[in-house]
Amino acid sequence: MKRFLWLCLLAIALARFVEVWLQYGSFSHREYGSLYFFKKNRFSPKFFFSSPIGESDTPLSSLPFYKQQNELDYIEFVGAFEVSGQKRWRIMN
């Protein structure tokens, strides 16, 4: 019976960890590089978001594919977050 209880508690803890991982994320600010923690607008397995372009005027098409995808993810998640005005928590300067 104790073993079953521990397995149930472990399953609940694992499910909660996965839920938090999918629902929250962190991002590095484009201009200042500060690290923030925020709630995502939809579930995503990606946890850390950064902008490879930053504040430069580099066109998206001149970047390699993986950096283009990072920039599009940043725009989709962090851009939507910044427009909505939701609360964010600064982790580091």
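Since this is a predicted model, take the numbers as computed values, not measurements.
The distance from the CD atom of E55 to the CZ atom of R30 is 6.5 Å, given to the nearest 0.5 Å. Atom-to-atom distance recorded for L63:CG and I53:CD1 is 4.5 Å, nearest 0.5 angstrom. Atoms OG and CG, on S51 and N70 in that order, are 9.0 Å from each other to the nearest 0.5 Å. Rounding to the nearest 0.5 angstrom, the gap separating the CZ atom in F4 from the CG atom in L9 is 10.0 Å. S28 OG to Y36 OH: the interatomic distance, rounded to the nearest 0.5 Å, is 9.5 Å.
Transitive grouping of hydrophobic side chains (ILVMFWY, heavy atoms separated by less than 4.5 Å) brings F43 and V18 into a common cluster. Residues F77 and I75 do not share a hydrophobic cluster, defined by chaining ILVMFWY side chains whose heavy atoms lie under 4.5 Å apart. When the side chains of ILVMFWY residues are joined at heavy-atom separations under 4.5 Å, either directly or via intervening members, Y74 and L60 end up in two distinct hydrophobic clusters. Cluster annotation: L72 is not connected to V78 through the hydrophobic network of ILVMFWY side chains, with a link wherever side-chain heavy atoms come within less than 4.5 Å. V20 and L35 end up in the same hydrophobic cluster when Ile, Leu, Val, Met, Phe, Trp and Tyr side chains are linked at under 4.5 Å.
Atom NZ of K46 is surrounded by more than 12 heavy atoms from other residues, nucleotides or ligands within 6.0 Å. Shown here is F17, whose CZ atom has no more than 12 heavy atoms of other residues, nucleotides or ligands within 6.0 Å.
In this structure, F38 has its ring center under 6.0 Å from that of F27.
Between the side chain of W21 and the backbone N or O of F47, no donor-acceptor pair lies under 3.5 Å.
With contacts defined as side-chain heavy-atom distances shorter than 4.5 Å, the pair K40/Q23 does not qualify. No side-chain heavy atom of S26 sits under 4.5 Å from any side-chain heavy atom of F49.
Contact record, R16 with E19: NH1-OE1, 2.9 Å, taken as the closest heavy-atom pair.
Only one option out of K67, Q68, Q69 pairs with P52 in a side chain to side chain contact (heavy atoms under 4.5 Å, CB included); it is K67.
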